[in-house]
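See below for the structure under consideration.
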Amino acid sequence: MAFTFLSHITFLSKPFTFSSKVTPPTPLYTKTHLLKPLNIRPQRTKCHAISDLQATTVPESREVEDQEDHVVLQDPFSEEERRGERVVAEYEWTEEWYPLYLTKDVPDDAPLGLTVFHKQIVLFKDGQGELRCYEDRCAHRLAKLSEGQLIDGRLECLYHGWQFEGEGKCVRIPQLPANAKIPRSACVKTYEVRESQGVVWVWMSQKTPPNLNKLPWFENFARPGFQDTSAVHELPYDHSILLENLMDPAHIPISHDRTDWTAKREDAQPLRFEVTERTDRGFAGWWGKEKDNSLLNFLRFEAPCVLQNNREIIDENGVTQYFTGLFLCRPTGQGKSMLIVRFGGTKRSHIAKWIPEWYFHQNASKVFEQDMGFLSSQNEVLMKEKIPTKNLYLNLRSSDTWVAEYRKWMDKVGHGMPYHFGHNTISLPELPAVIEHAPAGLVAGVSASSPAKGGIGQMHAPNLANRYYRHVIHCRECSSVVKAFETWKNTLSAIAVVLSALAILASGRQWKTFLLVSAGLCLAGVYACSTAIAMNTTNFIRTHRRL
């Protein structure tokens, strides 16, 4: 995916003078503690084993080769790593805030089934419009509450009609006698949620009270005049691979060549990086193109899954303008993730104001699809090889600094996650991935209609390879636009048929011409609507891949 400002270049309409000095964002907001380092034996690759069997005298050509590798490949970052020791930080994945959804896209009339790692939860708005989050499991027979419906602000299980409200209290069981009390054990587990800067966050621990100091706050989004274009995307690969991809600016000229004027394969070049912070909560630093001899972009990764890329620009009037690419990456299970992507700035071009939001969203979907094939295969290789990335990746100094930083951060905290792929360490999932089944039948398809879930038909089939299912069903703007274009398409088609019939019946040449021209215009409108629908629902396929 385009990590820099590929998806919001329209915020910039005129040339700017870049500031030579940019103030870094505030430091990471949490304080963590190191545990006692553990001595571990580094994993060995097959290459190492083969070299051990060879003669002890290393050929001169091999020595030169090793020296060249040392020049271009990433070095160990610390003395502990050089000695083969592991630094472990205190970390518990449940005691974190995870981004669930854009507030504006949370449906008003339906529950929303979501996951964080392997935990299934359901988000909905109660009768007072307050956000509630429960474990997605009815206490009766384990049915998913997200398959249910909202009745007078209460969440009803669609299996036997049990209803829940407030802090998970069961308030109605239709099968109980009139004089029977509802058992206390009929309640459901709840999770704390908070809305902040247009995003709904969930605290996953049910043992530890929410730590509001850990709730992310983004300074640029609070600046006067700041506007953003935001969207939700569901993706078929692990959140760590998603984050790794988003913090990799080197792939943009190749993977997204000509997606817009900012990405051209001939611009692929060495990059420069400067790490300014490393903590148990993440890392931060500057980066830029080597030929520019400047570091204009400031990147920050913060636990558990927040990545931002900031830039400050002085415009022609001498006013500092702030721009941010923000990526909130939620793990949704093995080989799956959900991303809230937000591009914004304090200055926006006049042209961008006239471009509909759905156009930006479909362009972002195309960018994800350009990366999807090789990222999914990367996910597959990691699961099959079952060894750390140190033995699989060749991280270059001139392109992969952030990737190496991220995987080494995983080494420190991965022990506190359900599973992880680190630079030197790896912890595979204990249980195989759960295959989730879609609602079956016509009635279930209708009840699962947008904006919360997919509808009926092949275009709407639950499938992470399908753009409609990955994005449109999660976006109130795009789902409304697709429905509107479908309505206009059907209406214009009917009008075109009527006009064509009237043209056949008309006796005067002028009337025939007028009716046929009108029918032609209606058909042009049908074509335009079909094109817009396809832009929102059809996957991007590279030309050389089309058979």
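Reckoned from all heavy atoms, side chains included, excluding hydrogens, waters and symmetry mates.
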(message) Looking at T346 and Y322, would you say the former's side chain and the latter's main chain have a donor-acceptor pair under 3.5 Å?
(response) yes
(request) Look only at the side chain of D136 and the backbone of G113, and say whether a donor-acceptor pair between them is shorter than 3.5 Å. (result) no
(message) If the condition is salt bridge (Lys or Arg N to Asp or Glu O under 4.0 Å), which residues does E130 pass it with, not counting sequence neighbours?
(response) R132
(request) Compute whether any side-chain donor of one residue and acceptor of the other, for Q370 and T259, lie under 3.5 angstrom apart. (result) yes
(request) Would you mind reporting whether S240 and Y406 have side-chain heavy atoms less than 4.5 Å apart? (result) yes
(message) Testing N310, N309, D228 one by one against T324 for a side chain to side chain donor-acceptor pair (under 3.5 Å), which residue passes?
(response) N310
(request) Measure across V202 and C133 and return the closest heavy-atom pair with its distance rounded to 0.1 Å. (result) CG2-SG, 4.2 Å
(message) Are more than 12 heavy atoms, taken from residues, nucleotides or ligands other than R137, located less than 6.0 Å from that residue's CZ atom?
(response) no
(request) Kindly say whether Y359 contributes a backbone atom to a donor-acceptor pair with the side chain of Q362 at under 3.5 angstrom? (result) yes
(request) Kindly say whether the aromatic ring centers of W409 and F301 come within a distance under 6.0 Å. (result) yes
(request) Report yes if some heavy atom in the side chain of V517 is under 4.5 Å from a heavy atom in the side chain of T513; otherwise report no. (result) yes
(request) Hey, could you give me the SG/NZ distance between C157 and K144, rounded to the nearest 0.5 Å? (result) 12.5 Å
(request) Kindly assign one of parallel, tilted or perpendicular to the pair H474 and Y469, based on the angle between their ring planes and the thresholds 30° and 60°. (result) tilted
(request) Might you point out which heavy atoms bring H423 and P388 nearest each other, and give the distance in Å? (result) O-CB, 3.2 Å
(message) I want to know whether F117 and Y419 have ring centres closer than 6.0 Å.
(response) yes
(message) Using a 3.5 Å distance criterion without hydrogens, assess whether the side chain of H256 forms a donor-acceptor pair with backbone atoms of R265.
(response) no
(request) Using a 4.5 Å cut-off on heavy atoms from C-beta on, say whether the side chain of L114 contacts that of Y101. (result) yes
(message) Looking at every heavy atom in both N395 and A404, which two are closest together, and how far apart are they?
(response) ND2-CB, 3.9 Å
(message) Treating R330 as the side-chain partner and P99 as the backbone partner, does any N or O pair qualify as donor plus acceptor under 3.5 Å?
(response) yes
(message) Could you measure the distance from the NZ atom of K386 to the OG atom of S427? Nearest 0.5 Å is fine.
(response) 13.0 Å
(message) Could you tell me if N297 and R311 have a donor-acceptor pair between their side chains, going purely by distance under 3.5 Å?
(response) yes
(request) Check the side chains of Q378 and Y393 for a donor-acceptor pair under 3.5 angstrom, ignoring hydrogens and angles. (result) yes
(request) Please name all residues satisfying salt bridge (Lys or Arg N to Asp or Glu O under 4.0 Å) with E195, sequence neighbours left out, ordered by chain then number. (result) none
(request) Taking salt bridge (Lys or Arg N to Asp or Glu O under 4.0 Å) as the test, write out the residues that go with K119, two or more places apart. (result) none
(request) Carefully, step by step, assess F485 and W358 under the rule side-chain contact (heavy atoms from CB on, under 4.5 Å). (result) CA-CA 12 Å; F485 278 125; W358 65 264; 4.1 Å; yes
(request) Please indicate whether K489 has more than 12 foreign heavy atoms, meaning atoms of other residues, nucleotides or ligands, lying under 6.0 Å from its NZ. (result) no
(message) Quick one: does any side-chain atom of N536 pair with a main-chain N or O of A532 as donor and acceptor, under 3.5 Å?
(response) yes
(request) Please round to the nearest 0.5 Å and tell me the distance separating atom CG of N245 and atom OG of S255. (result) 7.5 Å
(request) Could you tell me which non-hydrogen atom of G148 sits nearest to which non-hydrogen atom of P111, and how far apart they are? (result) O-CG, 3.5 Å
(message) Measuring from atom CZ of R194 to atom CG of L215, what distance do you get when rounded to the nearest 0.5 angstrom?
(response) 8.0 Å
(request) Identify whether the distance between the nearest side-chain nitrogen and carboxylate oxygen of E266 and R258 falls below 4.0 Å. (result) yes
(message) What I'd like to find out is whether the side chain of L242 reaches to under 4.5 Å of the side chain of Y237, using heavy atoms alone.
(response) yes
(request) May I ask you to test the V116-L100 pair for a side-chain heavy-atom distance under 4.5 Å? (result) yes
(request) Output yes when a side-chain donor or acceptor of R467 lies under 3.5 Å from a complementary backbone atom of M535, and no otherwise. (result) yes
(message) Is any side-chain heavy atom of C138 closer than 4.5 Å to one of Y159?
(response) no
(message) Parallel, tilted or perpendicular: which one describes the rings of F221 and F226, with boundaries at 30° and 60°?
(response) tilted
(request) Would you indicate whether the side-chain heavy atoms of K289 and Q269 approach each other to under 4.5 Å? (result) yes
(message) Can you tell me how the ring of W93 sits relative to the ring of H118, calling it parallel under 30°, perpendicular over 60° and tilted otherwise?
(response) tilted
(message) Test your reading of the model: is there a side-chain donor-acceptor pair from H239 to the backbone of K336, 3.5 Å cut-off?
(response) no
(request) Give the C-alpha distance, both sets of side-chain angles, the deciding distance and a yes or no for side-chain contact (heavy atoms from CB on, under 4.5 Å) between R470 and E369. (result) CA-CA 10 Å; R470 285 197 329 273; E369 288 152 10; 2.4 Å; yes
(message) With side-chain contact (heavy atoms from CB on, under 4.5 Å) as the criterion, how do L145 and F124 come out once you've worked through the C-alpha distance, each side chain's angles and the decisive distance to 0.1 Å?
(response) CA-CA 10 Å; L145 294 174; F124 68 97; over 6 Å; no
(request) Check whether any side-chain N or O of E290 sits under 3.5 Å from a backbone N or O of S398 as a donor-acceptor pair, and report yes or no. (result) no
(message) Around atom NZ of K512, are there more than 12 heavy atoms from other residues, nucleotides or ligands closer than 6.0 Å?
(response) yes
(message) Salt bridge or not between D108 and R476? Use side-chain N to carboxylate O under 4.0 Å.
(response) yes
(message) Applying side-chain contact (heavy atoms from CB on, under 4.5 Å) to L150 and E156, what does each step give before you reach the verdict?
(response) CA-CA 6 Å; L150 296 179; E156 181 183 85; over 6 Å; no
(message) Using every non-hydrogen atom in the two residues, find where A303 and E96 come nearest and quote the distance to one decimal.
(response) O-OE1, 4.2 Å
(message) Do L102 and R342 have side chains that approach each other closer than 4.5 Å (heavy atoms only, starting at C-beta)?
(response) yes
(message) Between the side chains of R407 and E244, is the shortest nitrogen-to-carboxylate-oxygen separation below 4.0 Å, so that they form an ion pair?
(response) yes
(request) Report, as yes or no, whether the 6.0 Å neighbourhood of atom OH on Y527 holds more than 12 heavy atoms from other residues, nucleotides or ligands. (result) no
(message) Quick check for you: to the nearest 0.5 Å, what is the distance between L235 atom CG and I241 atom CD1?
(response) 11.5 Å
(request) Of all the heavy-atom pairs spanning Y134 and Y191, show the shortest one and how long it is. (result) C-CD1, 4.1 Å
(request) With rounding to the nearest 0.5 Å, note down the distance linking CG in L394 to OG1 in T389. (result) 11.0 Å
